[in-house]
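Here is the structure we will look at, set down as structure tokens.
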Amino acid sequence: MIRFENSGPEYALNALLVVVMLVGVWLLVTVVRYVRADRGTRVSMRQAVRVRWGWVRLARMAGLTVTDKTPGLLAQITAQKDGPTPAPRVLTPRIKVKPDPFGVIVQARTLPKVGLEEYQKSARFLAVHAGVRPAGRPRQGGDPGRALRPADHADHAPAHRPPAGGPDALGAGH
């Protein structure tokens, strides 16, 4: 039998070191992606962060939440028989925000009583508070239970880009 008498502090220090290294690598990759991105994509990346951070509050203001009166597992376990009933949970749809050079694409999960129609009704409200200009109506995403919403930057319009071969690709140089 092997004994590790003083392994507690060493183990905690090693685990902390691994966590710090993983966070450092993630931060480095994020910074490199940001620095290598073009100007429009950088604006979109900042906008995507603002949308993610403000989503829960914004969804509650837009009425895109559902109140679940059934207590969660932990609340059921810790509840006392004669004590007060646990508070109901407020469920918010999960979102994925993807930046692109011209705006952000938001994919939102749906919940019971919060479907595509509710997203369409509150589309303008969501766009104004996210600081974007809607690029299209919310539509069914790739999977059932998902709504997709593309959006452009409010202050950035797509610029004309020359063809990949330069001016000579259009025959202007001959």
With a 4.5 Å heavy-atom cut-off, do Y119 and T110 have their side chains touching? yes
4.5 Å side-chain heavy-atom contact, L22 and V20: no
Would you say the side-chain atoms of R42 pair up with the backbone N or O of A37, donor to acceptor, closer than 3.5 Å? yes
D100 versus I105: any side-chain heavy-atom pair under 4.5 Å? yes
Give the intermediate values and the outcome of side chain to side chain contact (heavy atoms under 4.5 Å, CB included) for residues V31 and V29. CA-CA 6 Å; V31 168; V29 168; over 6 Å; no
Is there a side chain to side chain contact (heavy atoms under 4.5 Å, CB included) between L116 and Q120? Walk through the geometry before answering. CA-CA 6 Å; L116 184 59; Q120 287 173 341; 3.9 Å; yes
Do V114 and L91 sit in one hydrophobic cluster, given that two such residues count as connected whenever their side-chain heavy atoms are within less than 4.5 Å of each other, even indirectly? yes
Verify side chain to side chain contact (heavy atoms under 4.5 Å, CB included) between L126 and V106, making sure each step is shown before the conclusion. CA-CA 11 Å; L126 294 173; V106 179; over 6 Å; no
Mind checking whether F125 and L111 sit in one hydrophobic cluster, side chains of I, L, V, M, F, W, Y counted as touching below 4.5 Å? yes
More than 12 heavy atoms of other residues, nucleotides or ligands under 6.0 Å from CZ of R52: is that the case? yes
Looking at every heavy atom in both Y34 and R46, which two are closest together, and how far apart are they? OH-NH1, 2.6 Å
Taking only distance into account, with no hydrogens and no angle test, what donor-acceptor pairs under 3.5 Å do side-chain atoms of residues 54-74 form with protein atoms, sequence neighbours excluded?
from, atom 1, to, atom 2, distance (Å)
W55, NE1, P93, O, 2.7
D68, OD1, T70, N, 3.2
D68, OD2, R89, NH2, 2.6

Between S44 and G103, is there a donor-acceptor pair closer than 3.5 Å when you use the side chain of the first and the backbone of the second? yes
Heavy atoms only: give me the nearest V97-A48 pair and the separation to one decimal. CG1-CB, 3.4 Å
